[in-house]
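Structure, as structure tokens:
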Number of protein chains: 2
Amino acid sequence: MTTLYDVAREARVSIKTVSRVLNNTDKVKEDTVKRVKEAMSRLDYHPNATARNLKRRKTDTIGFVVPFGSRFVFTDPGMQEQMRGAHDVLTKAGYDMILTVPENGDRFLTDVVRLTRTGNVDGVILYGMAKAGAIVREFSRKGYRFVSLGYSYPHQTHNYVEIDAEAAGYLATRYLLSQGRRFIGLTQEPENFLFLNKVSVEVGYRHALNEEGLPYRSDLVSRTDFTVEGGYRAALELLEQNQKIDALICCSDPTAFGALRALREKGICPKKEILLLTGDRLPLIQAVEPWLGGIHNPLYEQGRMAAEMIIRIIQEGKDLPGVVLRPDLVIT
Amino acid sequence: MTTLYDVAREARVSIKTVSRVLNNTDKVKEDTVKRVKEAMSRLDYHPNATARNLKRRKTDTIGFVVPFGSRFVFTDPGMQEQMRGAHDVLTKAGYDMILTVPENGDRFLTDVVRLTRTGNVDGVILYGMAKAGAIVREFSRKGYRFVSLGYSYPHQTHNYVEIDAEAAGYLATRYLLSQGRRFIGLTQEPENFLFLNKVSVEVGYRHALNEEGLPYRSDLVSRTDFTVEGGYRAALELLEQNQKIDALICCSDPTAFGALRALREKGICPKKEILLLTGDRLPLIQAVEPWLGGIHNPLYEQGRMAAEMIIRIIQEGKDLPGVVLRPDLVIT
DNA sequence: TTGTACGCGTTATCAT
DNA sequence: ATGATAACGCGTACAA
């Protein structure tokens, strides 16, 4: 491996001068610059990032840590969109992204600690969830940098990017009511994805029903994970529980894929007898079922903004106020 | 930040002793170990990874670099499976994974160079493609460590994990022939995903037709990218080109999703009039269309083995012979 | 069993 | 405009 010293010797200057032309931080004579650059390319010199990191006390690397296990994370279109958003911003800003997908909440803590405390990364983006609460508060005390996707603890005011799930539920329900639907089914988010059930789609759903003077019926609401299989089961369950059901709001795209499968198996048209709305309306389901309307949750933007936020937090050295993104309804 | 020195002072030993209990490399008296460990937790000490990396001349980090852009990579189920396989192995082995998704072949080169030459990572997993050829040969000369997913240059004998696409084409075609189909459509892989068209599904497809004494008909073959939209267009094109078409082999799951959409729009049953086979049969399409048979390409295993291979290459300090995985046919 | 002293390859402070 | 030299925090040859 060739080092600064090799280049310095070759160019007959000091290592400081080489360092100067490398980071063009000070003025260096035109002529010297040329000699140094030639020496660098002659020796095929590449600066060592680790030594640089040690000296600068930063790594230009951000950790993206999400629990729930790789099977889910690498399969769920929503997670992918968040990762994609974060990746694009980080890459453009010159950061590397370390992706870590612990199998569960306990590993989550260990992994986050390992990445941050050892100085492996300058900061982390992590999923907002109760388990993260403790760690995140400690981070704030000790000055480790983080941004959470959603809330990590009650009354969190800083360092998060959230999507307004309540608005999503409200928008979807309002639309279905406006279409004359009166028995609107709802598949809810999985519990471990929520923090204290504060910002559930169900709240918006109830709100809209209320405005219309319609009662909330528990036999029209089912909880599911964000998987196709879960959506399938939830839809079958709701169909059985309430025969009058004439609309269905799905909490994610995979859920909608599952619900579609259930309806089709039963010979029910997902646009007529039951008016189906999907949950995130990301590229895949848009391409496969272009006719299907639903809530568009800006998951790409969430990842993007989380990345922008962590970068700013690192650069400015202080926490930043949280942000809430608005979903919108897309009807085709 | 607390360092070895702080701990050493607190425990009234030398830094070498602290280092010893940290990596438990030498014998240390029971009593001393305890004192040191207490000091560490009292001072909330966490060893600095960067300094450690600098001294050990490795980072325990692997780069996963795939061109084609984030829009594709974070959306395509096949890429996800490869990433998932690699992630699982790397994580378990104590490596971090840096994910980098350049927009195109040129950025690809820059990114790979940046990661490796600067010592940011101990090795890279990268997509096998013509563009990678030059870089990979240089790596071999200079001792940088890599594994490619597929071939990176002709006659590559080492450091790759490939899937036998020819076998996939052969298996699928044979099956369809055995079901009495005679006009079998094929959507081929996109050109930039192949290296010199050497191991295309088309080769196996031709082979199987040949065995049956059937002619190869170019109006039954269409090239497409790995997207839903591409599959949709390809299917429509083939339906138009050859009215007798009675089977269709898709080169990926998104392609199959697209083809399904096309068939359904035309009122054609994808099991009867046209016998459809999907391309990878990964978890998502399995869940959404469980009745749909196809080739199962072991993409998770490919990612897994690539990770295992790069780890061994690093540890053993020498290149390893390439591996070819076999796909298999799954009929439901 | 424990400690001293040096080196890893940079950046940065002070001179000149 | 340039250079000598000290850090950064850890591992380790060598000494005790």
Side-chain angles (χ1 to χ4, degrees), chain A residues 1-40 43-61 94 114-122 143-144, chain B residues 1-37 39-40 43-61 114-122 143-144:
Chain A
M1 163 180 257
T2 77
T3 74
L4 277 183
Y5 288 94
D6 303 321
V7 178
R9 196 180 321 117
E10 176 85 6
R12 283 165 308 152
V13 293
S14 77
I15 59 166
K16 176 57 187 168
T17 300
V18 180
S19 176
R20 273 192 260 262
V21 328
L22 207 55
N23 312 308
N24 61 333
T25 162
D26 279 324
K27 280 239 169 302
V28 181
K29 214 199 305 182
E30 193 74 33
D31 198 44
T32 321
V33 172
K34 189 160 158 260
R35 220 169 59 240
V36 170
K37 284 196 170 164
E38 279 171 5
M40 293 202 295
L43 298 179
D44 192 31
Y45 168 76
H46 292 266
N48 180 292
T50 307
R52 188 156 187 269
N53 292 344
L54 176 60
K55 190 62 193 172
R56 298 187 327 154
R57 296 155 163 288
K58 53 179 173 170
T59 59
D60 292 341
T61 303
R114 186 179 54 74
L115 281 176
T116 51
R117 309 297 288 272
T118 63
N120 236 324
V121 299
D122 296 342
Y144 296 107
Chain B
M1 164 178 258
T2 76
T3 74
L4 276 184
Y5 289 94
D6 302 320
V7 178
R9 196 180 322 115
E10 175 84 7
R12 282 164 308 152
V13 293
S14 76
I15 61 163
K16 174 58 186 168
T17 301
V18 180
S19 177
R20 271 192 261 263
V21 327
L22 209 56
N23 311 310
N24 61 333
T25 163
D26 279 324
K27 279 238 170 302
V28 182
K29 213 198 307 181
E30 192 73 33
D31 199 45
T32 320
V33 172
K34 190 160 158 259
R35 220 167 61 242
V36 171
K37 285 196 170 165
M40 292 203 295
L43 298 179
D44 192 31
Y45 169 75
H46 292 267
N48 179 293
T50 307
R52 188 157 186 270
N53 292 343
L54 177 59
K55 188 63 194 176
R56 297 187 328 155
R57 296 155 164 288
K58 52 181 173 171
T59 59
D60 293 340
T61 303
R114 188 180 52 76
L115 280 176
T116 51
R117 309 295 288 270
T118 62
N120 237 324
V121 300
D122 296 341
Y144 296 107

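For the numbers below, each heavy atom of this structure counts, side chains included, while hydrogens, waters and symmetry mates do not.
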If I take atom [atom1] in residue [X] and atom [atom2] in nucleotide [N], what distance separates them, rounded to the nearest angstrom?
X       : N      : atom1 : atom2 : value
B/Met1  : D/dG9  : CE    : C1'   : 8 Å
B/Ile15 : C/dT4  : CD1   : P     : 9 Å
B/Glu30 : C/dT2  : CD    : P     : 11 Å
B/Arg52 : D/dG9  : CZ    : C1'   : 12 Å
A/Leu22 : C/dA12 : CG    : C1'   : 14 Å
A/Asn48 : C/dG7  : CG    : C1'   : 13 Å
B/Lys27 : C/dT2  : NZ    : P     : 12 Å
A/Asn24 : C/dT11 : CG    : P     : 12 Å

Checklist entry - Of B/Leu4 and A/Ser14, whose closest DNA chain D nucleotide lies nearer the 5' terminus? => result A/Ser14

Item to check | B/Arg20 or B/Asn23, whichever maps to the more 5' nucleotide of DNA chain D | outcome: B/Asn23

Item to check | Residue among A/Thr59, A/Thr116, A/Asn53 satisfying side chain to side chain donor-acceptor pair (under 3.5 Å) with A/Asp122 | outcome: A/Thr59

Item to check | Minimum heavy-atom distance B/Val28-B/Thr17, with the two atoms named | outcome: CG1-CG2, 4.1 Å

For [N], does either OP1 or OP2 sit under 4.0 Å from a side-chain N or O belonging to [X]?
X       : N      : value
A/Arg57 : D/dG9  : yes
B/Thr32 : C/dT2  : yes
A/Thr17 : D/dG3  : yes
B/Tyr45 : D/dC10 : yes

Checklist entry - Just wondering, do B/Asn48 and B/Thr3 contact through their side chains at under 4.5 Å, heavy atoms? => result no

Checklist entry - Side chain of A/Lys16, base of C/dA12: donor and acceptor closer than 3.5 Å? => result yes

Item to check | Heavy-atom neighbours of B/Arg12 CZ exceed 12 at 6.0 Å | outcome: no

Checklist entry - Just checking A/Lys29: base, sugar-phosphate only, or nothing, at a heavy-atom cut-off of under 4.0 Å? => result sugar-phosphate

Checklist outcome for this item: Nearest-nucleotide check on DNA chain C, B/Lys55 vs B/Val28; residue mapping nearer the 5' end is B/Val28

Checklist entry - Is it true that B/Asp31 and B/Lys34 make a salt bridge, defined as a side-chain N closer than 4.0 Å to a carboxylate O? => result no

